[in-house]
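If you scroll down you'll find the structure; I have some questions about it.
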Amino acid sequence: MVALAHTKGTARRRLHDLIMIPLIEPNLSGNEARYLSECIASNFVSSVGPFVTRFERLVADAAGCWNGVATTTGTAALHVALIALGVRPGDLVIMPALTFIGTANAASYCHARPVFLDISAASWTLDPAMLESFLGEECRLEQDGVVHAATRARIGAVVAVHTLGHPADMDQLEAVCARYGLPLLADAAAALGATYRGAPALARGTLASISFNGNKTVTSGGGGAVVGQSAQLLDTVRHLATTARVGAEYEYDRVGFNYRMTNLQAAVGVAHMERLDEFVARKRAIAHRYDEALADLPGITPFPKTSWAESACWYSGFAATLACPRSGAEIIDHLRNGQIGARRFWGRCTFRRPTLTRVVTLPCSTTLTDEQQAQVIDAVRALIGTGNQ
Ligand SMILES: *Cc1c(COP(=O)(O)O)cnc(C)c1O
């Protein structure tokens with residue numbers, strides 16, 4: 001059986017290599033298979049098993065948090081975190097205009113509405129000045145909290161997104177939120193391993209949520225987590241994600257959700273968490289090499305770097321500006337024709353910076369070989385590197 005599985009895997013791998021250099025693929029060369037076998041041998045496959053508890057501990061420690069609650073997806077984590085933070089039907093939830101649809105969906109699941117504010121050019125994360133002016137000029141402090149004057153809707157929460165694994169400016173955002181008494185949720189979906197002013201970025205904000213989807217640096221196949229410093233808030237998150245059950249019998253005290261991670265997912269997650277430092281170091285090295293190798297090309301802007309943070313470098317790539325002789329779409333087409341898994345990043349509709357025509361992501365799996373990366377660099381340079389030598 002083992003030999004057969006191995007042969008199949010090898011055949012699939014060869015086919016895969018022929019087809020293309022993948023944009024991003026999970027690295028399953030650690031203890032994943034061993035831990036999955038342990039689940040099966042012990043008959044612990046469903047939610048709440050030893051791997052789930054171990055996973056939550058590893059994630060909370062890496063995040064610099066008191067504890068964590070593992071969930072089925074990152075979007076589910078966002079959803080229960082927003083409810084725990086007090087978001088109610090009819091509220092507005094402030095978030096950056098550049099984000100994944102899951103951030104906005106989570107607000108909609110709460111019967112709240114997302115309000116998109118612009119990002120800062122330096123970090124591509126929620127602009128604290130924009131947040132300050134929206135709250136100061138368009139909202140009023142009333143008995144019920146902060147109310148948006150034009151719609152009479154209450155502001156339920158602010159969500160910062162650590163875009164591409166790069167932390168938002170949490171000192172500034174926390175200061176503004178504190179002034180208005182608003183909870184701050186960090187959508188840290190792909191930011192595990194990132195630091196903010198030298199400490200784990202996920203320790204900041206009222207709560208932070210993470211995704212362990214297959215394309216994230218650390219994956220459990222599918223999964224998510226909410227981490228934080230408040231035992232009370234995390235108890236509420238755990239309760240909401242466990243169908244709001246009270247006691248061992250079929251009794252519930254509110255509308256809850258079946259959002260708990262399974263032991264099978266957590267087994268893969270634990271194997272991946274064991275390699276977090278190694279994976280993040282490799283991601284950073286890949287990003288650094290692309291940045292250096294493409295720096296002289298016209299109209300190519302590297303992904304943001306700031307003085308306040310060190311990104312977890314979830315994705316590698318660049319933004320093509322109007323000064324680039326090729327549009328982002330042309331670059332992606334060219335790379336794909338050369339069997340290189342390039343892709344645009346999130347949507348243009350949620351991206352309001354007009355100078356950036358398109359964000360291009362490049363192959364950046366931890367399994368990427370140096371030769372493959374050289375091939376990607378050559379392909380980009382062959383298309384754009386003309387007229388500038
Ligand atoms: C991946 C991601 C999510 C969603 O996570 P899922 O696990 O796919 O539900 C949410 N927000 C951001 C910023 C993400 O990158």
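Note that the coordinates shown come from a computational prediction; the quantities given were computed from them, not determined experimentally. Nothing fancy with the numbering, it's 1 onward along the sequence.
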Would you check, one step at a time, whether the test salt bridge (Lys or Arg N to Asp or Glu O under 4.0 Å) holds for E330 with R358? CA-CA 10 Å; E330 283 175 315; R358 184 158 288 185; over 6 Å; no

Does V268 belong to the same Ile/Leu/Val/Met/Phe/Trp/Tyr cluster as L58, with side-chain heavy atoms less than 4.5 Å apart forming each link?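 V268 and L58: separate clusters.
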
Does T99 reach the main-chain N or O of M95 with its side chain, forming a donor-acceptor pair under 3.5 Å?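 Checking the backbone N and O of M95 against the side chain of T99, no donor-acceptor pair under 3.5 Å is found.
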
Carboxylate-amine/guanidinium contact R152 E142, below 4.0 Å: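 Counted as a salt bridge, because a side-chain N and a carboxylate O are separated by less than 4.0 Å.
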
Salt bridge flag under 4.0 Å for residues R245 and D253: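 A salt bridge is absent here (no side-chain N lies under 4.0 Å from a carboxylate O).
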
Compare all side-chain heavy atoms of M273 with those of L276 and state whether any distance is below 4.5 angstrom.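 Yes. Closest side-chain heavy atoms under 4.5 Å.
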
Report the C-alpha distance between R344 and D333 in whole Å, list the side-chain angles of each, state the deciding distance to 0.1 Å, and finish with yes or no for salt bridge (Lys or Arg N to Asp or Glu O under 4.0 Å). CA-CA 10 Å; R344 62 191 278 196; D333 280 351; over 6 Å; no

Hydrophobic cluster membership, V280 vs W308, 4.5 Å side-chain cutoff: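 Unlinked, V280 and W308 end up in two clusters.
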
Atom pair CG/CG of L202 and L207 - distance to nearest 0.5 Å: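 Going from the CG atom of L202 to the CG atom of L207 covers 11.0 Å.
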
Could you tell me if the side chain of I21 sits less than 4.5 Å from the side chain of V376, heavy atoms only?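 In short, these two side chains touch, coming nearer than 4.5 Å.
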
Pair N27, H272: side-chain N/O donor-acceptor within cut-off below 3.5 Å: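 There is no such pair (donor and acceptor under 3.5 Å, judged by atom type) between the side chains of N27 and H272.
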
Minimum heavy-atom distance S29-R275, with the two atoms named: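 Nearest pair, atom of S29 first, then R275: OG-NH1, 2.9 Å.
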
Atom CG of residue position N337 - does it have more than 12 heavy atoms of other residues, nucleotides or ligands inside 6.0 Å?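 For N337, atom CG is crowded (more than 12 foreign heavy atoms under 6.0 Å).
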
Can you see which heavy atom on S209 is nearest to which on A77, and at what distance?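 Minimum heavy-atom contact is CB-CB, 4.0 Å.
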
Under 3.5 Å donor-acceptor, Y109 side chain and A104 backbone: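 No, the answer is negative, given that no donor and acceptor are paired below the 3.5 Å cut-off.
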
Applying side-chain contact (heavy atoms from CB on, under 4.5 Å) between L240 and each of I83, V69, V255, report the one that passes.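 Between L240 and the candidates, side-chain contact (heavy atoms from CB on, under 4.5 Å) is satisfied uniquely by I83.
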
Between E278 and K283, does any NZ, NE, NH1 or NH2 come within less than 4.0 Å of an OD or OE carboxylate oxygen?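 E278 and K283: not salt-bridged.
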
Minimum heavy-atom separation for A157 to L82, with atom names?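 Heavy-atom minimum between the residues: CB-CD2, 4.2 Å.
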
Considering only NZ, NE, NH1 and NH2 on the basic side and carboxylate oxygens on the acidic side, decide whether E274 and R34 come within less than 4.0 Å.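 No salt bridge links E274 with R34.
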
Lys/Arg N to Asp/Glu carboxylate O, R381 vs D296, below 4.0 Å: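 Result for this pair is yes, salt bridge flagged.
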
Does a side chain donor of either E56 or T53 reach within less than 3.5 Å of an acceptor in the other side chain?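 No, no side-chain donor-acceptor contact under 3.5 Å.
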
Just by modelled atom types, is the A267 backbone N or O under 3.5 Å from a matching donor or acceptor in the R54 side chain?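 Side chain of R54 to backbone of A267, a donor-acceptor pair under 3.5 Å: no, none is there.
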
Trace of the side chain to side chain donor-acceptor pair (under 3.5 Å) decision for Y196 with H162: CA-CA 11 Å; Y196 180 82; H162 297 335; over 6 Å; no

Note, V159 side chain near V93 side chain (heavy atom, < 4.5 Å):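 Sidechains of V93 and V159: in contact.
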
Derivation of the side chain to side chain donor-acceptor pair (under 3.5 Å) call for R113 and T151: CA-CA 11 Å; R113 275 171 297 166; T151 59; 4.8 Å; no

F303 and ring-ring contact (aromatic ring centres under 6.0 Å, His included): which single residue from W124, F318, Y315 fits?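 Exactly one option meets the ring-ring contact (aromatic ring centres under 6.0 Å, His included) with F303, and it is W124.
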
Roughly how far apart are I331 CD1 and C324 SG, rounded to 0.5 Å?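 I331 atom CD1 to C324 atom SG measures 4.0 Å (nearest 0.5 Å).
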
Check the pair L182, L135 against side-chain contact (heavy atoms from CB on, under 4.5 Å), reporting the backbone distance first and the verdict last. CA-CA 10 Å; L182 291 171; L135 293 171; 3.8 Å; yes

For V227, does its backbone N or O pair with a side-chain atom of W66 as donor and acceptor, under 3.5 Å?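 Checked: no pair found.
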
R254: which residues meet the salt bridge (Lys or Arg N to Asp or Glu O under 4.0 Å) condition with it, sequence neighbours left out?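 So R254 forms no salt bridge (Lys or Arg N to Asp or Glu O under 4.0 Å) with any residue.
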
If only atom types and distance count, is the side chain of Q372 paired as donor or acceptor with the main-chain N or O of T369 below 3.5 Å?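 Yes, the answer is positive, given that a donor and an acceptor are paired below the 3.5 Å cut-off.
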
Side-chain ion pair, R179 and E132, N-O less than 4.0 Å: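 Yes, R179 and E132 are salt-bridged.
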
Mark yes or no: R284 above the aromatic ring of F279, with NZ or CZ under 6.0 Å from the six-membered ring centre and no more than 45 degrees from the axis.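 No - R284 does not lie over the ring of F279 by the 6.0 Å and 45° rule.
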
Under 4.5 Å between side-chain heavy atoms, counting indirect links through other Ile/Leu/Val/Met/Phe/Trp/Tyr residues: same cluster for V237 and V59 or not?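 No: no chain of side-chain contacts under 4.5 Å links V237 to V59.
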
Checking D61 against R57 for the side-chain contact (heavy atoms from CB on, under 4.5 Å) test, could you report, in this order, the C-alpha distance in whole Å, the side-chain angles of both residues, the deciding distance, and whether it holds? CA-CA 6 Å; D61 287 347; R57 192 66 260 149; 2.8 Å; yes

Just by modelled atom types, is the S46 backbone N or O under 3.5 Å from a matching donor or acceptor in the Q265 side chain?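 Checking the backbone N and O of S46 against the side chain of Q265, no donor-acceptor pair under 3.5 Å is found.
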
Could you tell me whether the side chain of S365 and the main chain of E25 form a donor-acceptor pair under 3.5 Å?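 Yes: the side chain of S365 pairs with the backbone of E25.
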
Just to verify, which of T72, T73, T71 counts as forming a side-chain contact (heavy atoms from CB on, under 4.5 Å) with T75?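 The option that passes is T73.
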
N263 side chain vs F51 backbone, donor-acceptor pair below 3.5 Å: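 Such a contact is found between N263 side chain and F51 backbone.
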
Does S42 reach the main-chain N or O of C39 with its side chain, forming a donor-acceptor pair under 3.5 Å?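 Present.
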
Go through it in stages, so that I can follow the logic: the residues are E32 and V270, the test is side-chain contact (heavy atoms from CB on, under 4.5 Å), and I'd like the CA-CA distance, side-chain angles, deciding distance and then a yes or no. CA-CA 8 Å; E32 293 79 13; V270 166; over 6 Å; no

Note: R204-E174 ion pair, threshold 4.0 Å (strictly below):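 Salt bridge between R204 and E174, a charged N being under 4.0 Å from a carboxylate O: yes.
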
Assess whether a salt bridge exists between R88 and D144, defined as any Lys/Arg side-chain N lying under 4.0 Å from an Asp/Glu carboxylate O.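 Result for this pair is yes, salt bridge flagged.
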
So, do F55 and F212 have ring centers that fall under 6.0 Å from each other?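 Ring-ring flag for F55/F212: true, centres closer than 6.0 Å.
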
Where H79 and A106 come nearest, the two heavy atoms and their spacing: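 Result for this residue pair: N-CB, 3.8 Å.
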
Is the count of non-hydrogen atoms from other residues, nucleotides or ligands lying under 6.0 Å from R289 atom CZ greater than 12?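 Count over threshold, so yes.
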
Could you walk me through whether F134 and E138 satisfy the side-chain contact (heavy atoms from CB on, under 4.5 Å) test, starting with their C-alpha distance in whole Å, then the side-chain angles of each, then the deciding distance to 0.1 Å, before giving a yes or no? CA-CA 5 Å; F134 177 79; E138 297 188 41; 3.6 Å; yes

May I ask you to check whether T306 and H166 show a side-chain donor-acceptor distance below 3.5 Å?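 Indeed, the side chains of T306 and H166 share at least one donor-acceptor pair under 3.5 Å.
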
Heavy-atom donor-acceptor pair, T219 side chain to N213 backbone, under 3.5 Å: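 Side chain of T219 to backbone of N213, a donor-acceptor pair under 3.5 Å: yes, one is there.
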
